[in-house]
> 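Take a look at this one; I'll ask things after.
Predicted, not measured: the structure shown is a model, and the values here were computed from it. Below, read A as the first sequence line, B as the second, and so on, with proteins coming before strands; counting in each chain starts at 1.
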2 protein chains.
Amino acid sequence: MKLSEFELDVMQIFWEQGPCSASAAHKVISESKKTAYTTVKTIVDRLEEKGAIKRVGNEGRSIVYSAAVKQEAMSQSVLPDFLKRFFGGNSRNLVAHLIDDEKLSEDDIEYLQHYLANKKSKK
Amino acid sequence: MKLSEFELDVMQIFWEQGPCSASAAHKVISESKKTAYTTVKTIVDRLEEKGAIKRVGNEGRSIVYSAAVKQEAMSQSVLPDFLKRFFGGNSRNLVAHLIDDEKLSEDDIEYLQHYLANKKSKK
DNA sequence: CTCAAACTACTACATTTGTAGTTATTTGAT
DNA sequence: ATCAAATAACTACAAATGTAGTAGTTTGAG
């Protein structure tokens, strides 16, 4: 299943906040980007068509949808290409990049050190 | 500058192998995917239009192009969205995912442990 | 009960993307 | 010098994507 960028942005809502309606999703999207309700609804429709979300009930007359695919699964399928396209397929480069980029807090670093140590001992 | 997936695949060639012609790029692409020469040429034309590559000379009657943007710069600009869309914006999750995924060799792990240690000491 | 607001389903349309054909031109081998 | 092969430049087109309008339906407030 291949999702577009906008579709992924909407999926993010379902993944983070759990089941919700198109208008709820619209409210979230609106916070970061001026968008018509129908635009978001179209994306929701397409996500349903693609099988990425499914109807799980109603709330008043709104349809409530819920993610039908896990974020993990999507990540897994996209990561290899991403890695190839931007980091020459080398995850070490990506990780180094992340570390350099101040994207990791000291806590994160500690966490990862333990994580790595644990991984190594299991090999 | 926003590049499509196919455009990025072609950029990968310029980034990895340095300057080359459209037909050279076509040969590389053909290895992994049956594609007409003109298809690759179109992508090369679009990359030039977008300013991602530039002409640096000729070879026989072929035009030789070279990357005009660094892979690093592209990565940098795309990573935040990627992170947000697939890992809830949390790089720690991404790194953990990479580690779990057997995408890192023991060597890589050692390397990263040092990298992390070094980073921590600088904070 | 009534009616405006909210919501769904459907349609529309410009742009981007993947894919490749056509035409004209250049070049290198004979 | 000639001609086939390679290449450039341009054109074409279907599918996907971002964006939103319209028409019809449901509902909840008064």
Side-chain angles (χ1 to χ4, degrees), chain A residues 1-14 19-66 74 77-78 81-82 84-86, chain B residues 1-14 19-66 74 77-78 81-82 84-86:
Chain A
M1 178 179 353
K2 180 131 177 312
L3 303 183
S4 75
E5 293 187 1
F6 199 169
E7 283 165 356
L8 282 167
D9 286 339
V10 173
M11 280 309 287
Q12 195 62 38
I13 299 170
F14 291 105
C20 72
S21 67
S23 40
H26 175 232
K27 281 192 194 75
V28 176
I29 294 287
S30 294
E31 281 165 24
S32 54
K33 183 186 178 192
K34 184 182 151 322
T35 313
Y37 163 75
T38 45
T39 300
V40 175
K41 181 57 164 60
T42 300
I43 298 299
V44 167
D45 288 345
R46 287 179 187 166
L47 283 173
E48 191 189 8
E49 223 176 307
K50 291 186 179 184
I53 60 177
K54 57 175 193 286
R55 297 170 185 227
V56 291
N58 302 280
E59 218 173 66
R61 58 173 310 226
S62 297
I63 300 164
V64 177
Y65 301 86
S66 159
M74 289 298 306
S77 78
V78 173
D81 276 343
F82 180 78
K84 174 143 227 157
R85 295 195 173 107
F86 293 101
Chain B
M1 179 180 350
K2 181 130 177 313
L3 302 184
S4 76
E5 293 187 2
F6 199 170
E7 284 165 356
L8 283 167
D9 286 340
V10 173
M11 280 309 288
Q12 194 62 37
I13 299 170
F14 291 106
C20 70
S21 67
S23 40
H26 174 232
K27 282 192 194 73
V28 176
I29 293 287
S30 294
E31 281 165 24
S32 53
K33 183 186 178 192
K34 184 183 151 319
T35 314
Y37 162 75
T38 45
T39 300
V40 175
K41 181 57 163 61
T42 299
I43 297 299
V44 166
D45 288 344
R46 288 179 187 166
L47 283 172
E48 191 189 8
E49 223 176 307
K50 290 187 180 184
I53 60 177
K54 56 175 195 289
R55 296 169 185 228
V56 291
N58 303 281
E59 216 174 69
R61 57 174 310 229
S62 297
I63 300 163
V64 178
Y65 301 86
S66 158
M74 288 299 304
S77 78
V78 173
D81 276 344
F82 180 77
K84 175 143 227 157
R85 293 194 175 108
F86 293 102

> Provide, to the nearest angstrom, the distance between the CE atom belonging to B:M1 and the C1' atom belonging to C:dT16.
16 Å

> Does the protein touch nucleotides 17-30 of chain D at the base, only the backbone, or not at all? Give it as B, S and - per nucleotide, heavy atoms under 4.0 Å.
BBBBBB-BBBSS--

> My understanding is that only residues two or more places apart in sequence, or in another chain, count here; which of them pass salt bridge (Lys or Arg N to Asp or Glu O under 4.0 Å) with B:K50?
B:E7

> Under a 4.5 Å cut-off applied to non-hydrogen side-chain atoms, are B:V10 and B:Y65 in contact?
no

> From CG of A:L8 over to P of D:dA16, roughly how many Å is that when rounded to an integer?
16 Å

> To the nearest angstrom, how far is B:E49 atom CD from C:dT15 atom P?
14 Å

> Could you give the NZ-to-C1' distance, from B:K41 to D:dT11, as a whole number of Å?
13 Å

> Applying ring pair (Phe, Tyr, Trp, His ring centres under 6.0 Å), name anything that partners B:F14, two or more places apart in sequence or on another chain.
none

> B:K84: what forms a salt bridge (Lys or Arg N to Asp or Glu O under 4.0 Å) with it, not counting sequence neighbours?
none

> Does A:E59 have any salt bridge (Lys or Arg N to Asp or Glu O under 4.0 Å) partners at least two apart in sequence or in another chain, and if so, which?
none

> Sequence neighbours left out, what passes salt bridge (Lys or Arg N to Asp or Glu O under 4.0 Å) with B:K2? Give chain and number order.
A:E5

> In whole angstroms, how far is the C1' atom of C:dT8 from the CG atom of A:D45?
8 Å

> Without decimals, in angstroms, what is the distance between B:D9 CG and C:dT17 C1'?
13 Å

